[in-house]
Each structure stands twice: as C-alpha cells, then as structure tokens.
Student: 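Here it is, the structure in full.
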Amino acid sequence: MNSQELWVQAYGRLKSCKSISTTQLKQLHAFIIKTRPLPLPTQHLMYPKLTSSTEKNFTHILSFLNHLEKPDLCLSLYNAIIQGLPSNPNNKASSLRQVLELLKHMLVNGLLPDNYTVPSVLKACAQSRALREGQQMHTYAIKTGLVLSNVYVKNTLMRLYAVCGVINCVRNLFDEGPQRDLVSWTTLIQGYVKMGLPREGVEAFFDMCDAKMMADEMTLVIVLSACSKLGDLNLGRKINEYIYANGVYRDVFIGNALVDMYLKGGDADFAYKVFNEMPVRNVVSWNSMISGLAHQGKFKEALDVFREMQRIGLEPDDVTLVGVLNSCANLGVLELGEWVHAYVDRNRIEADGFIGNALVDMYAKCGSIDQAFRVFQGMKRRDVYSYTAMIVGLAMHGEVEMALDIFAEMPRMGIEPDEVTFIGVLAACSHGGLVAEGHKYFRDMSSVYRLRPQTEHYGCMVDLLGRAGLINEAEEFVKNMPIEPDAFVWGALLGACRIHGKVELAESVMKKLLKVEPERDGAYVLMSNIYSSANRWKDAVKLRRVMKGKNMKKIPGCSSIELDGVVHEFKKGDKSHKRSKDIYKLLDEIMSHVKNHELLAH
DNA sequence: GTAGGGTTAG
C-alpha cells in the first residue's frame, strides 16, 4: 500500500470512530511524520476527536502541530482543535491553559483569530473566570470589529462578564451595536440573576417581551429561577401562563424550574402537582422537591420525598444529601443524619464544602456537638459557612469559650466572618454572661469587619443585657438603635422583662411587638406568662381571651423523634398520636421525677 | 462548525 492508500484507509476509520486513544494517536503521529503532507480532510476529522483531555494527549496534539507546515496549518484546523478540546470541569485552569497555548501557537504561525476562534477562547475564559485573558480577547475583538459584526463574539463576551460579576460590562455590550438575539437577551437576564439582582433580570425579560422577542425554554428557566429567588408566586404563575400560551415545550429543565418556583413561592401543593405530572424526572427534579420543601420548613415532607426517591432506586447526589441533612438538622433526626454521613464515607464523597457544612450543622442541631467538631476538624477546606455552623452550634451548647476560640481562629485562616457569624458570637456571649465581650464584638462588627449590625444583632445584645440583669441598659440600647426595632428586638426585650418580672415595661413592649407583628401569638403567650409569674392571674386570663377572639396564627411548639426510620412529630397539646394517652402518662411521670429532683437540689 | 438552562449551607 502506498501512503495515499493508507491515508484513505485511516480516513475511513477515523470517520467511524468517536474518540481516539493515546496509542492510536501515537501511531497516527508516527505515520504523519513519515508520510507528509497530511491530507486536509483527515486532519479535520482527527483533531476534534481528541476527546480525552489528558495532558499527555495535549502534548501529542502540540507535537502534531509542530510537524505540520502551511497550508496544512490553517485557521480552521486550529479552530477545530480549540473547539474540540473538552472542558475539564475538574481542572478548568488546565483547560484554559491548553486553549491559550494553542492560541499562542497559531499566532506564532502567523494566523489571526477569527469569528470562530474568539468565541471558543472566550468560552474557556468564562469557564475559568479568567477575566484578564478575556479582556485581552475583548480588546482584540474591538480592534477587529468583531464585537459589532458578530453576535457570537458579543454573546460570549457578555457571558464572560456575567460569570465574572461585571454586570455593567454585560449591559454595555448588550446595549451597543445593532446585533442582539435571544441568546443576548438570555445572557443579560442570567447576568442579573446570577449577580443577585433577580428583579432587574425580570425587568430585562419584560423589555425583551416589549421588543417582540419570543422566549424559549432556556430563557424561561432563568426567568423562573428569578421568580423563585424573589419568592414571587404571582409572577411565577404568569410565566407558567406564558409557557402554556406560547406552546413552549415543557422539558425537564422547565419542569424542575417550575417545581422550585412554586415551592419557593409557597405553593407546595402545586409544586407536587407539577412534579407528579412531569413525564421525565431526573435527580435535580427530586432535589428541587427536597430542598424546596425544606426551605418551606416542611422537613418531614422533604424526608418523605427522599424515602420515595430511595424506594424507586434513584441515587442521591450531594445536593440531595445537603437537603436531607438540612431536614435532619431541623427535625433533630440524628439517626438518618448519621446514615447520610456513612453514605458519604462509603461513596468516598468529599465531606467538604456544602456536604461538610451541612454535616457540622446537622450534628450540632441534633445535639452531637462532639461529632460536629470532629467533622469540622476533618474538613480540608473550611469557609465562613463551616465556621459559622460550628460557632453557632457551640454557642447553642453553651460551649462559650470554645465558640469564641474558634471565632478567634478565623482571621488566622484568612476567613472573614459575616453577619451570621456574629449572631453565633453574640449568642455565645449571651450564654456566658459576657457583657463586656459582647459589647466589644458588637463594636468590632462595624469598626473592624465593616458589617452593619441588623435587628437580629441588636436582639442578641438585648438578650445578653437582659440575661445579665441589665434590664435598664437593654431598654436604653433599644432606644438608641439607629434602625427600626422589629419583632426580634421587641421579643428579646419582652423576654428580658419576663426574667426580671418587669410587668409595666413588658406591657409597653408588648404593644410595640404587636404593632410590628400583629398576626403571631408569641407576644400574647409571653405576656400572659409574665402576668402569671407576677401572680396577676386575672390579667393573664383576660389576655388569653383576647387571643382566642382574634383568631391568631398559632405557631405551636413542635418536636419530633425518629424511631426505626419513622419520624414522629409532636405539637404542643397534640393528641393525634395513636398512643397519645400513654405518652402523656409517661410525660407526667418524667415531670414528677424532674420536680422531685429539683426539690432535692434546692 | 460556534453562544444562553434547573437544585445545595451557617
């Protein structure tokens, strides 16, 4: 066989194979060196097929290129290779490096990027959030006029700035030039939503409708996620109507986005309905249900959905497990939480990031503070969420000193605390009666960390002062607040009044509390307890009567235990359980034991 | 031949 015939044979084989192994690559490499020049169609078949992005293969690609000469070394060949380079999600930096290496190679060989090269390079930049490199491409695209003449260039540039969080540049690119298509609109909307500006995203969608541009599934998925983030059920319903009215295909992405939107908007029943009617479901569909229900405080339902998922044999992923752990944490279901931990270990899932943080939180909330600490210490990478979960957990368990030690460790690890971290820190001070320290941390919040204290932080301080017996100081603290006190603050002050039997102050605080939160029964309950403690039974009864007449939203005290995989929920005064008589009998026994114990202790 | 999609924490 002469070399021409061999190439024909190689061409046929390449055409039918999907990818190419390193060994085959090496053989072809040797072959090329021996039988140059290489027929062009063969190259164009071969290079995009190099789909295993090992460093080794990339070295081969480069050495291929080094053996080629013009006219084999042409722009379309480079474009095919750059585009064919698989993005390696585990090593984005390496993928970008390879793309830039190829770019350099083509420049050295006197070839300039065209309207196909620029988008693929920009895509790689966006994937690695390489703003600098992307900006260089932007400059080039301006000089060559590609930004204005080619919508792919414009859109990939917009995407680059969107993922890098430079929303102004996204908007400017969108506004300049006559070229804009559905992808431009979608990228603009996505840019806003990803920046945490869902309102602006929705507005851009309305602008798009005004511009008579029709949305497709991809656009609507993003718009739905914006509605979900806004918790705007009415808007979400309108989008669903749009989907119906325009006959948009309800693919699994749309279905998942709808499920998420309905749950975050508070319509769990409709979310179930959408979920049940979906012709195709994937793990994200289940995750949307589980985390959405957990988000709504329907933890038991979330676990029921998880059990159903297990029953049909669908493998959970890490998002599933985070939702399950979150539900366990809030129900205090340690047993299932431990099962998830074992599952994570068994499947060699890294107990870092979301999973690690959720485990720390779950153990802490389930009372296993030692286990929480063990997971925390075992984490390779800890972030502000890990630290906060640990600090809040320790504070809840009264491990004041340790909570503050962990907090002190944060700057050494280069991790900035945020608002929630300080809730834990102040709660720790409150439990430890550390008034001076509490004041200091509260001041540090704004002076050192540039965080603006919110009503929750003021509430913590009021709680701290109240528990320490400084009721006047607590009252003074509320008076001097630069922001409007809300239910959290008034509630804390009312709690302080309860401890110190300050009936008159309590009465005025209750009025304030009812003003900001008229629908809840908490203020009445607390106040009637204050009356009772002060032996003012008549007032207490009167208050209870007012409550009954007002049809208040009752938020009953609730607890749950898990027994043999079944979660039993108990509400205050609840008699719905099959064995409720036995339960109350046992409860009475326990209470009398406790009381005896208390008497002995005094 | 190219570009845009859903779910996760304290």
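Letters A, B, ... mirror the listed sequences (proteins, then strands); counts begin at 1.
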Student: What's A/Thr186 touching, base or sugar-phosphate or nothing? Going by heavy atoms closer than 4.0 Å.
Tutor: base

Student: In terms of side-chain geometry, is the basic nitrogen of A/Glu409 or A/Arg382 positioned less than 4.0 Å from the acidic oxygen of its partner?
Tutor: yes

Student: Looking for any heavy atom pair under 4.0 Å, which part of the strands does A/Glu217 touch: base, sugar-phosphate only, or nothing?
Tutor: base

Student: Please list all pairs passing the side-chain hydrogen bond (donor to acceptor under 3.5 Å, both in side chains) test where one or both residues lie in residues 188-206 of chain A, with sequence neighbours left out.
Tutor: A/Arg171-A/Tyr192

Student: Return no unless some side-chain N or O of A/Arg159 is found under 4.0 Å from OP1 or OP2 of B/dG5.
Tutor: yes

Student: Can you identify which nucleotide, out of B/dT7, B/dA3, B/dG5, has its nearest atom closest to the A/Ser291 side chain?
Tutor: B/dT7

Student: Could you check, using the six-membered ring where one of them is a Trp, whether A/Trp185 and A/Phe205 have ring centers closer than 6.0 angstrom?
Tutor: no

Student: Between the main-chain N or O of A/Ile222 and the side-chain N or O of A/Ser225, is there a donor-acceptor pair closer than 3.5 Å?
Tutor: yes

Student: Among pairs that include at least one residue of residues 354-370 of chain A, which meet salt bridge (charged side-chain N to carboxylate O under 4.0 Å, His left out), considering only residues two or more places apart or in two chains?
Tutor: A/Asp361-A/Lys365

Student: Mind running a 4.0 Å heavy-atom check of residues 259-266 of chain A against DNA chain B and sending the residues that fall below it, in number order?
Tutor: A/Asp260, A/Lys264

Student: Nearest whole angstrom, please: distance from the P of B/dT7 to the CD1 of A/Ile254.
Tutor: 12 Å

Student: Please state how far atom CG in A/Asn330 lies from atom P in B/dT8, giving the value in whole angstrom units.
Tutor: 15 Å

Student: In this structure, how many angstroms lie between the C1' atom of B/dT2 and the CD1 atom of A/Ile82, rounded?
Tutor: 12 Å

Student: Are the side chains of A/Ser386 and A/Arg381 in contact, using a 4.5 Å heavy-atom criterion?
Tutor: no

Student: Would a distance-only check, ignoring hydrogens and angles, find a side-chain to backbone donor-acceptor pair under 3.5 Å from A/Asn282 to A/Val284?
Tutor: yes

Student: Any pair with a residue in residues 412-430 of chain A that passes salt bridge (charged side-chain N to carboxylate O under 4.0 Å, His left out), sequence neighbours left out, goes on the list, sorted by first then second residue, please.
Tutor: none

Student: Describe the nucleic acid contact of A/Ser120 in one word from base, sugar-phosphate, nothing, applying a heavy-atom distance below 4.0 Å.
Tutor: nothing

Student: Any idea which of B/dG10, B/dA3, B/dG4 is nearest the A/Lys365 side chain?
Tutor: B/dG10

Student: Remember a base hit wins even if backbone is also touched, and classify A/Val384 as base, sugar-phosphate or nothing at under 4.0 Å, heavy atoms.
Tutor: base

Student: Only counting residues at least two apart or in another chain, list the ones meeting side chain to side chain contact (heavy atoms under 4.5 Å, CB included) with A/Phe442.
Tutor: A/Leu426, A/Pro453, A/His457, A/Tyr458, A/Met461, A/Phe477

Student: Ignoring hydrogens and angles, answer whether the base of B/dG10 and the side-chain atoms of A/Ser386 contain a donor-acceptor pair closer than 3.5 Å.
Tutor: no

Student: Sequence neighbours left out, what pairs pass salt bridge (charged side-chain N to carboxylate O under 4.0 Å, His left out) with at least one residue falling in residues 257-272 of chain A?
Tutor: A/Arg237-A/Asp267, A/Asp260-A/Lys264

Student: For a quick check, tell me whether the side chain of A/Thr187 and the base of B/dG4 share a donor-acceptor pair closer than 3.5 Å.
Tutor: no

Student: Does A/Phe253 reach the side chain of A/Met218, with side-chain heavy atoms less than 4.5 Å apart?
Tutor: no

Student: Which whole-number value in Å describes the distance from A/Arg250 CZ to B/dG5 P?
Tutor: 21 Å

Student: Which residues, if any, of residues 415-425 of chain A bring a heavy atom under 4.0 Å of DNA chain B?
Tutor: A/Asp418, A/Val420, A/Thr421

Student: Could you check which residues of residues 311-327 of chain A get a heavy atom under 4.0 Å from DNA chain B? Sort them by number, please.
Tutor: A/Val319, A/Val322, A/Asn326

Student: To the nearest 0.5 Å, what is the distance between CD1 on A/Ile369 and CE on A/Met396?
Tutor: 6.5 Å

Student: When you check the gap from the basic side-chain N to the acidic O, do A/Arg311 and A/Glu308 get nearer than 4.0 Å?
Tutor: yes

Student: For residues A/Tyr272 and A/Glu301, determine if any side-chain heavy atom of one lies less than 4.5 Å from a side-chain heavy atom of the other.
Tutor: yes

Student: To the side chain of A/Gln83, which of B/dG1, B/dG5, B/dA9 is closest?
Tutor: B/dG1

Student: Of all residues at least two apart in sequence or in a different chain, which pass the side chain to side chain contact (heavy atoms under 4.5 Å, CB included) check with A/Ala126?
Tutor: A/Arg159, A/Leu160, A/Val163

Student: With a 4.5 Å heavy-atom cut-off, do A/Leu107 and A/Pro113 have their side chains touching?
Tutor: yes

Student: For A/Lys154, answer base if it contacts any base atom (sugar-phosphate contacts may also be present), sugar-phosphate if it contacts only those atoms, and nothing otherwise; contact means non-hydrogen atoms under 4.0 Å.
Tutor: nothing

Student: What is the separation between atom CD on A/Gln127 and atom C1' on B/dA3, rounded to the nearest whole Å?
Tutor: 12 Å

Student: Using the six-membered base ring of B/dG10, report whether A/Tyr385 stacks on it, requiring centroids under 5.5 Å and planes under 30° apart.
Tutor: no

Student: Run the salt bridge (Lys or Arg N to Asp or Glu O under 4.0 Å) test against A/Lys298 and tell me which residues pass, sequence neighbours left out.
Tutor: none

Student: Just how far, in rounded Å, is C1' of B/dT7 from CG of A/Leu224?
Tutor: 14 Å

Student: How long is the straight-line distance from OH of A/Tyr449 back to OG1 of A/Thr421, given to the nearest 0.5 Å?
Tutor: 9.5 Å

Student: For A/Leu293 and B/dT8, give me the distance from atom CG to atom P, rounded to whole Å.
Tutor: 12 Å

Student: Does the ring of A/Tyr387 meet both stacking tests against the six-membered base ring of B/dG10: centre distance under 5.5 Å and plane angle under 30°?
Tutor: no

Student: What's the CE-C1' distance between A/Met158 and B/dT2, to the nearest Å?
Tutor: 17 Å

Student: Contact list please: residues 162-185 of chain A against DNA chain B, heavy atoms, distance less than 4.0 Å, in numerical order.
Tutor: A/Asp181, A/Leu182, A/Val183

Student: Are any of A/Lys229's side-chain N or O atoms less than 4.0 Å away from OP1 or OP2 of B/dT7?
Tutor: yes

Student: Any chance you could lay out the ring-ring contact (aromatic ring centres under 6.0 Å, His included) test for A/Trp286 and A/Phe306, step after step, and finish with the verdict?
Tutor: CA-CA 8 Å; A/Trp286 291 86; A/Phe306 174 61; 9.5 Å; no

Student: If you take atom types as modelled and just measure distance, does the side chain of A/Asp251 reach the base of B/dG5 with a donor-acceptor pair under 3.5 Å?
Tutor: yes

Student: Tell me whether A/Tyr152 is stacked on the nucleobase of B/dT2, counting only the six-membered base ring and applying the 5.5 Å and 30° thresholds.
Tutor: yes

Student: When we call it a touch if two heavy atoms are under 4.0 Å apart, what does A/Asp361 touch: a base, just sugar-phosphate, or nothing?
Tutor: sugar-phosphate

Student: Could you spell out the base pairing of DNA chain B in dot-bracket, with Watson-Crick or G-U pairs whose two distances are under 3.5 Å, [ ] crossing and | to another strand?
Tutor: ..........

Student: Please state whether the base of B/dG4 and the side chain of A/Asp216 form at least one donor-acceptor pair under 3.5 Å?
Tutor: yes

